[in-house]
Amino acid sequence: MRRALLITLALLFFAYEQWSFYTWMQQHGSVSAGLSHAWMTLRQDPMVFMAWNDMGIFTALVLTWLWRDLRRSGRSMLWWPATLLMGCPPLLVYLSNRTENAAGSTD
């Protein structure tokens, strides 16, 4: 049940990411125009800047945990760049494939 739920969430989140990117490209016309708009928004809105900082710290923590978990379990290190580049979907798939024994252990 847990595995099916995590896989479903990964697929839904991946579809949401694709839709968001498509919509973003429709609004801005090019990646450079979209990034320029994002940079302007970050500079003008302190709350958006704070949220990006928070997401950056959280991402660093998750990637650090994932690196340590991959090394400890001996699983493929390809999960790390996949998560770095694609975000939550590969992480959710990775979590769905963890054994119950590994999920209950603490470092």
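This is a predicted model, so every value here is computed, not measured.
Scanning all heavy atoms of the two residues, the minimum distance from Thr64 to Ala60 falls at OG1-O, 2.8 Å. Between Ala82 and Pro90 the shortest heavy-atom distance is O-CG, 3.3 Å. When all heavy atoms of Pro89 and Ala10 are compared, the pair lying nearest together is O-CB, 3.6 Å. The two residues Leu6 and Leu95 have their closest heavy-atom pair at CD1-C, 3.9 Å.
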Does Ile7 form a side chain to side chain contact (heavy atoms under 4.5 Å, CB included) with Val93? I'd like the steps, not just the answer.
CA-CA 6 Å; Ile7 296 289; Val93 172; 4.1 Å; yes

Evaluate the criterion side chain to side chain contact (heavy atoms under 4.5 Å, CB included) for residue pair Gln27 and His37; output intermediate values, then yes/no.
CA-CA 10 Å; Gln27 290 175 351; His37 173 75; over 6 Å; no

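Annotation: the span from Leu9 atom CG to Leu91 atom CG amounts to 11.5 Å, rounded to 0.5 Å. How far CG of Leu63 is from OG1 of Thr83: 7.0 Å, rounded to the nearest 0.5 Å. Atom SG of residue Cys88 and atom CE of residue Met86 lie 11.0 Å apart, to the nearest 0.5 angstrom.
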Distance-only donor-acceptor hits, side chain of residues 12-25, under 3.5 Å, sequence neighbours excluded:
{"from": "Ser20", "atom 1": "OG", "to": "Tyr16", "atom 2": "O", "distance (Å)": "2.9"}
{"from": "Tyr22", "atom 1": "OH", "to": "Gln26", "atom 2": "NE2", "distance (Å)": "3.3"}
{"from": "Thr23", "atom 1": "OG1", "to": "Trp19", "atom 2": "O", "distance (Å)": "2.9"}

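Looking at residues two or more places apart in sequence or on another chain, you find a side-chain contact (heavy atoms from CB on, under 4.5 Å) between Met47 and Asp45, Met50. When the side chain to side chain donor-acceptor pair (under 3.5 Å) test is applied to Arg3, the partners found at least two apart in sequence or on another chain are Asn97. Every side-chain contact (heavy atoms from CB on, under 4.5 Å) that Ala33 has, sequence neighbours left out, goes to His28, Ser30.
Applying the 4.5 Å side-chain rule to ILVMFWY residues, one finds Trp39, Leu42, Phe49, Trp52, Met55 in the same cluster as Val48.
Residue pairs satisfying the ring-ring contact (aromatic ring centres under 6.0 Å, His included) criterion with at least one member in residues 67-90, sequence neighbours excluded, are listed as follows: Trp67-Trp80, Trp79-Tyr94.
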